[in-house]
Undergrad: 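Before I ask anything, here is the structure I am working with.
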There are 2 protein chains.
Amino acid sequence: MAGRAANRDAGTAARILDVAEELVQVRGFNGFSYADIAAELGITKAALHYHFAGKADLGEALIARYASRFAEALADVDTAADGAGAPRARLAGFADLYTEVLRNRRMCLCGMLAAEYQTLPQPMQDAVLRFFDDSEAWLGSVLESGRADGSLSFAGSASEAARMVIGSLEGAMLVARPYGDVGRFQTAAANLLAGLTTSPAASAPA
Amino acid sequence: MAGRAANRDAGTAARILDVAEELVQVRGFNGFSYADIAAELGITKAALHYHFAGKADLGEALIARYASRFAEALADVDTAADGAGAPRARLAGFADLYTEVLRNRRMCLCGMLAAEYQTLPQPMQDAVLRFFDDSEAWLGSVLESGRADGSLSFAGSASEAARMVIGSLEGAMLVARPYGDVGRFQTAAANLLAGLTTSPAASAPA
DNA sequence: GTCTATACAGCGATAGAC
DNA sequence: GTCTATCGCTGTATAGAC
């Protein structure tokens, strides 16, 4: 989920998605137009309609690609953090994905679309909910493992805790971004995760 | 901060604000037009411009009124929860304000505007940050009291904890609203507050 | 304070040439 | 695959009558 480089060599469709993605994450789906994308790429609006018939189609493609990249990033977190201490490291890795998005002065794509949810065409609405459902499933499983091995602690079900964490990270981004302060997000995330982490004495008995 | 009733007897300016407020909280500042307000009130767009010269002026008035009502609501929470156990009750009362907003199928006005922040005229941007600063000041003071009397517990400064709580509540709303599920928010809020609450044994020694 | 009428820019979208 | 040209509509905003 790192901020992708210029993507100069990608096909036109991919470059359109790159520009549109940034516009949605920075200005919202209702805050940009085909003209903005066309100007940025040096092509015309008509060319955009060749690749994406309507704004709704573009929006669906945007979420699909974002969700797919996010799933890859989660798989990378799984790979990077393995063995003992995996749950804690994976939880931290999950929060780090959000940090990277904010570092690019962006809001989470689906967090932004959640705000505009009522104005979105239904296929986009459905895709946004799927994104959160998938995140909840991955994180819930991590939290459950952490509770099982004693490294994490929380009340209620792992799904509920996952929902709480996802919402909290989205909200921390939402508020930190206007302040232009990544540290503000990181502090909030650290305090949040601290509340789920068992004390060293309990998790790593000397 | 309860969902205000029809406000049938209010002046036109107030009724415009009522309708615009709901539109912003449901669809976003970039998701509605003067025509939407005019249609809802049965007046013309030109009449709207008499009361609020431009959309930016309307937006500023919207935040000012919302922030003023929110401050009143916080004062009410102070009054309702007094004496022993006040910090915990005030913290719960703070979360309840958010619940009420969500019950009306709305997002927090300033949470919504935070998402659209980069597209807002600067006076609106400034007012949004002031709203969060004020909330942080009030909540930080509540948390500090709670730590002092032993009823609340958290790492770092009270201001940092306040920022974490505000962000988490905003994010819980942001994500719960698309699901149309107030219970989803309430569960997340309860889990969040549980992490700040000292165990009964510590706070209420039998 | 509200109206009719209108200006004018921007929007998403389409037709048809190249 | 991209262009020029244009459509129909909606956006915010204004002028001037009542």
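Just so we're on the same page: letters track the sequence lines, and every chain starts at 1. FYI, side chains are in, hydrogens and waters are out, and symmetry mates aren't considered; it's all heavy atoms of this structure.
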Undergrad: Within a radius of less than 6.0 Å around CZ of A/Arg105, do more than 12 heavy atoms belonging to other residues, nucleotides or ligands occur?
TA: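 12 or below, so no.
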
Undergrad: When you measure from the side chain of A/Arg147 to the backbone of A/Phe154, do you find a donor-acceptor pair of N or O atoms at a distance under 3.5 Å?
TA: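 Yes; at least one donor-acceptor contact below 3.5 Å.
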
Undergrad: A/His51 NE2 to D/dG1 P: how many Å, rounded?
TA: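 Rounding to the nearest Å, NE2 of A/His51 and P of D/dG1 are 6 Å apart.
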
Undergrad: How many Å lie between CD1 on A/Ile16 and P on D/dG1, as a whole number?
TA: 11 Å

Undergrad: May I have the distance from A/Asn30 (atom CG) to C/dG12 (atom C1'), rounded to whole angstrom?
TA: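 In whole Å, C/dG12 C1' lies 13 Å from A/Asn30 CG.
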
Undergrad: How are the rings of A/Tyr98 and A/Phe70 set relative to one another: parallel (under 30°), tilted (30 to 60°) or perpendicular (over 60°)?
TA: perpendicular

Undergrad: Has B/Thr12 got a side-chain N or O lying under 4.0 Å from the OP1 or OP2 atom of C/dT2?
TA: yes

Undergrad: Can you measure A/Ile37 atom CD1 to C/dG10 atom P for me and round it to whole angstrom units?
TA: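 Going from A/Ile37 (CD1) to C/dG10 (P), I get 17 Å.
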
Undergrad: Would you say C/dT2 has OP1 or OP2 under 4.0 Å from some side-chain N or O of B/Thr44?
TA: no

Undergrad: Say whether, by atom type as modelled, one donor and one acceptor occur between the side chain of B/Arg90 and the main chain of B/Ala81 under 3.5 angstrom.
TA: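 Judged by distance alone, yes, a pair lies under 3.5 Å.
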
Undergrad: Measuring from B/Leu196:CG to B/Met164:CE, what's the distance to the nearest 0.5 Å?
TA: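 B/Leu196 atom CG to B/Met164 atom CE measures 5.0 Å (nearest 0.5 Å).
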
Undergrad: Do side-chain atoms of A/Asp126 reach the backbone of A/Pro123 as a donor and acceptor pair under 3.5 angstrom?
TA: no

Undergrad: Between atom CD1 in A/Ile43 and atom P in D/dT2, what is the gap in whole Å?
TA: 6 Å

Undergrad: Answer yes or no: does a side-chain N or O of A/Ser33 lie under 4.0 Å from OP1 or OP2 of C/dG10?
TA: no

Undergrad: Separation of A/Phe32 atom CZ from C/dC11 atom P, in whole Å?
TA: 11 Å

Undergrad: Which letters describe nucleotides 13-18 of chain D, given B = protein heavy atom under 4.0 Å from base, S = only from sugar-phosphate, - = neither?
TA: BBB---

